[in-house]
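One structure below.
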Amino acid sequence: MTTDFRNVIVIGTGNAALSAAISATDCGANVIVLEKSPKKSFGGNSRLTTAALRIAFTDPEEVRSLLDDNFSDKAWNDIEIEKYSHKKYVEEVMNAGHGRPDRERVEWFTGQAFNIIKWLKEHGVKFDLAGYGTVNDSKDKALGKKRYPGGLVIQGRGGGHGLVTSEREYLESKNIDIHYDLNCFELIVSEMGDVRGVCARGRDGVVRHFYGAVVLGCGGFEASNARRSQFLGPEWDDIRQRCVKFNTGDMFMAAVRHGAGCRGHFTGAHITPIDCDSPYVGGLDTCEKTNRLGFPWGISVDKVGHRFINEGKFWNIQTYVDVGRALLKLYDKVAFQVFDSDGMACCEPHYKRQKTFYKGNDLCEVAVKAGIHPNAFMKTIEEYNKACAHNTKPYDPAVLDGQRTKGLCPPKTNWALPIVKPPFYVYPVVPGVTFSFGGLNSNLSCEILDNSDIPIPGLYGCGEITGGYFYYAYPTGSGLIKGAVTGREAGKNAAAYAKSI
Ligand SMILES: Cc1cc2nc3c(=O)[nH]c(=O)nc-3n(C[C@H](O)[C@H](O)[C@H](O)COP(=O)(O)OP(=O)(O)OC[C@H]3O[C@@H](n4cnc5c(N)ncnc54)[C@H](O)[C@@H]3O)c2cc1C
């Protein structure tokens with residue numbers, strides 16, 4: 001057994017943990033970072049992201065100040081950025097969570113969003129205008145404009161990989177030790193109940209003891225079939241993962257064993273429709289490309305040929321979790337996205353990567369090849385086409401066009417166009433879990449609380465391991481912001497605690 005004494009031990013190398021390590025280091029603490037994955041796979045789910053970051057601002061010039069590209073005034077004027085208030089940000093998190101997120105936490109982390117990007121920039125992270133979430137429709141093209149309608153305006157350079165690499169480079173420049181291949185599995189707790197450190201097992205099977213204040217930045221439990229079925233329900237057991245395989249909730253369980261309280265949504269997790277050929281355990285380079293979010297441009301049916309959801313309720317980025325969750329309840333947990341040639345033209349380029357899909361000029365034949373019950377399916381198509389025959393405008397992915405079905409259940413309330421123009425396409429999709437919402441209870445100082453809301457001395461948490469922030473869904477770009485904000489706070493307070501004892 002080997003031992004190591006530090007001020008602060010940070011667990012994980014995702015965005016939250018690395019932010020905590022940077023913050024504790026800046027506060028003068030002697031910090032060590034422990035990571036379960038091999039070095040080449042570091043970075044957690046954060047690494048898999050496009051690093052879309054949601055921030056509130058009152059003047060687009062504020063956004064310009066965050067970017068690393070020098071825009072000429074002319075180039076800048078060709079971009080239209082809608083203001084995005086803090087109030088709107090808070091409401092979007094609350095609405096995505098059906099009003100259930102803890103408002104105090106949400107107001108706090110969203111209020112820090114702009115400032116945390118400035119802080120990350122000071123620590124070497126670079127930012128560009130987002131490619132993701134932008135709207136560039138025919139009208140904009142005619143005006144030569146690129147439009148940003150919400151708070152998703154910036155993106156970490158190089159995506160999630162670029163983000164965590166810059167964070168790690170900052171720590172390396174400060175000679176902070178980062179140890180890989182170490183699975184942390186237990187807390188070291190004194191007789192008084194304060195946390196003194198952590199036990200971690202290496203690939204050699206040897207357990208090492210690390211002493212210091214502990215910051216848990218080790219993600220959710222979404223990669224564990226056992227914990228998903230235990231907390232989320234049996235239908236979440238044998239499904240595909242869009243996340244890294246390392247987030248199995250070991251330290252979440254360890255903290256609970258030592259009296260930590262739980263908070264947040266434990267029967268829901270982030271889940272989306274993905275390519276049916278996706279591996280059960282996500283590959284680092286493919287996870288972000290497996291999403292199949294073209295459902296608004298066609299219809300989705302189950303194996304029996306029935307529609308089961310309003311595919312056009314709102315923007316796909318706001319409804320994809322509802323769709324992913326609905327797939328869990330279907331026979332064989334598979335759905336089929338059906339497009340005609342107009343709908344297919346609106347789908348993201350990722351669709352071209354999918355190996356299993358069916359195409360043909362006879363829709364019934366295509367359905368048979370895909371394994372859908374043809375009679376029921378053709379009846380669905382007939383009813384659907386009849387219910388939207390009055391809609392004639394072409395698809396415009398840039399606007400909620402209000403072209404809806406009449407007298408159909410479930411309805412389609414935007415982009416309801418008949419499926420009539422061959423060739424027809426059928427894409428099988430399955431549910432893919434992204435990250436869990438429920439986690440440990442913590443306060444705004446990122447101390448982990450017990451079930452009486454009393455802080456457990458020496459134990460801090462940040463990012464996805466802490467719950468209460470997101471329920472049901474989250475507005476894209478707010479996960480990384482939550483991680484960095486809670487990480488910075490946890491690192492600062494762990495450093496102060498370590499100095500005080
Ligand atoms: C495909 C995909 C795309 C996404 N896109 C976006 C986006 O564009 N914008 C956005 O805001 N959010 C996005 N998200 C959500 C985002 O990834 C999370 O909100 C955020 O990354 C969570 O950060 P974290 O640091 O808490 O966890 P993670 O980044 O998952 O880091 C957890 C770390 O802990 C390590 N670890 C786990 N257990 C142990 C253990 N026992 N011992 C030691 N180490 C351990 C893991 O290996 C990992 O390094 C996306 C998620 C996925 C999966």
Side-chain angles (χ1 to χ4, degrees), residues 9-21 33-39 41-55 113 130-133 151-152 154-156 159-160 163-164 167-168 178-187 198-202 210 214-224 241-255 269-272 274 278 282-291 317 432-437 439 461-466 469-470 474-487 490:
I9 304 158
V10 176
I11 305 178
T13 56
N15 170 58
L18 294 178
S19 298
V33 178
L34 308 180
E35 167 58 49
K36 183 174 176 179
S37 77
K39 185 172 185 184
S41 315
F42 89 105
N45 281 352
S46 307
R47 171 196 177 132
L48 308 181
T49 70
T50 50
L53 296 154
R54 187 172 290 264
I55 53 169
Y132 195 66
L152 267 188
I154 61 162
Q155 178 170 7
L163 171 72
V164 289
E167 291 170 339
R168 184 173 74 171
I178 305 178
H179 289 218
Y180 300 91
D181 286 315
L182 278 177
N183 182 24
C184 300
F185 65 93
E186 192 53 290
L187 291 168
V198 67
C199 307
R201 194 184 307 277
F210 296 87
V214 174
V215 179
L216 303 173
C218 34
F221 55 81
E222 64 277 353
S224 161
Q241 300 166 15
R242 288 178 71 217
C243 52
V244 291
K245 63 181 176 188
F246 310 106
N247 291 352
T248 47
D250 310 69
M251 289 309 294
F252 164 74
M253 298 301 280
H270 193 279
I271 185 164
T272 75
I274 63 171
S278 307
L284 286 183
D285 299 324
T286 54
C287 287
E288 186 55 18
K289 300 182 180 83
T290 57
N291 260 344
I317 212 70
V433 64
T434 320
F435 64 90
S436 47
F437 293 141
C462 54
E464 240 60 279
I465 199 169
T466 54
Y469 290 81
F470 303 129
Y474 81 133
T476 304
S478 50
L480 291 168
I481 294 290
K482 169 203 165 187
V485 169
T486 52

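Both ligands and their constituent atoms are indexed starting at 1 by order of listing.
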Check each of C218, G219, P475, G12 against atom 27 (O) of ligand 1 and report the one with the nearest heavy atom. G219
Heavy-atom contacts with E464 under 4.0 Å: which atoms of ligand 1 show up? List them by number with element. 18 (C), 19 (O), 20 (C), 22 (C), 26 (O)
Would you check the N or O atoms of N45, main chain and side chain alike, for any that come under 3.5 Å of an N or O of ligand 1? yes
Using a 4.0 Å cutoff against the non-hydrogen atoms of G477, which atoms of ligand 1 qualify? 9 (N), 10 (C), 11 (O)
Considering I11, L48, T49 one by one, which has a heavy atom nearer to atom 4 (C) of ligand 1 than any of the others? T49
Any chance you could lay out the side-chain contact (heavy atoms from CB on, under 4.5 Å) test for I465 and F221, step after step, and finish with the verdict? CA-CA 8 Å; I465 199 169; F221 55 81; over 6 Å; no
List every atom of ligand 1 that sits less than 4.0 Å from any heavy atom of F435, numbering the atoms from 1 in the order shown and giving each element. 15 (C)
Check ligand 1 against G44 and write out every atom of the ligand that is under 4.0 Å from a heavy-atom position of the residue. 28 (P), 29 (O), 30 (O), 31 (O), 48 (C), 49 (O)
Under 4.0 Å from a heavy atom of N15: give me the atoms of ligand 1 that qualify, with their elements. 25 (O)
For the residue pair R54 and S478, confirm or rule out a side-chain donor-acceptor distance under 3.5 Å. no
Less than 3.5 Å between some nitrogen or oxygen of M251 and one of ligand 1, yes or no? no
Using a 4.5 Å cut-off on heavy atoms from C-beta on, say whether the side chain of V244 contacts that of R47. no
For K245 and S37, which I'm curious about, is there any donor-acceptor pair between the side chains at under 3.5 Å? no
Under 4.0 Å from a heavy atom of L182: which atoms of ligand 1 are those, numbered in the order shown and with their elements? 42 (N), 43 (C)
Indicate yes or no: does an N/O atom of L480 lie under 3.5 Å from an N/O atom of ligand 1? yes
Cationic N near anionic O, under 4.0 Å, D181 to K39: no
Geometry only, no angles: is A16 polar-contacting ligand 1 at N/O separations under 3.5 Å? yes
Below the 3.5 angstrom mark, is there an N/O of G463, backbone or side chain, next to an N/O of ligand 1? no
Judging by distance only, is a nitrogen or oxygen of T434 under 3.5 angstrom from one on ligand 1? no
Nearest neighbour of atom 23 (O) of ligand 1 from the list G461, S46, G14, on a heavy-atom basis: S46
Going by heavy atoms in the side chains, are F470 and H270 under 4.5 Å from each other? no
N247 side chain to A223 main-chain N or O, any donor-acceptor pair under 3.5 Å? no
Working note: T49 + L480, criterion side-chain contact (heavy atoms from CB on, under 4.5 Å); need CA distance, chi angles, decisive distance, verdict. CA-CA 9 Å; T49 70; L480 291 168; 3.6 Å; yes
My understanding is that only residues two or more places apart in sequence, or in another chain, count here; which of them pass salt bridge (charged side-chain N to carboxylate O under 4.0 Å, His left out) with R201? none
Which atoms of ligand 1 are found less than 4.0 Å from any heavy atom of G479? 11 (O), 19 (O)
contact_flag G483 ligand 1 heavy-atom lt 4.0 Å: no
Ion pair present between E222 and R242, side-chain N to carboxylate O less than 4.0 angstrom? no
Does the pair E186 and M251 meet the rule for a side-chain contact (heavy atoms from CB on, under 4.5 Å), with working shown? CA-CA 7 Å; E186 192 53 290; M251 289 309 294; 5.9 Å; no
Hits for ring pair (Phe, Tyr, Trp, His ring centres under 6.0 Å) against F437, two or more places apart or cross-chain, chain-then-number order -> F435
Under 4.0 Å from one or more heavy atoms of A51, ligand 1 contributes atoms 8 (O)
For ligand 1, is N183 a contact, meaning one of its heavy atoms is under 4.0 Å away? yes
Min heavy-atom dist Y474 to ligand 1 below 4.0 Å: yes
What are the two closest non-hydrogen atoms of T272 and T434, and how far apart are they? CG2-OG1, 4.0 Å
Test item, N247 contacting ligand 1 (heavy atom, 4.0 angstrom): yes
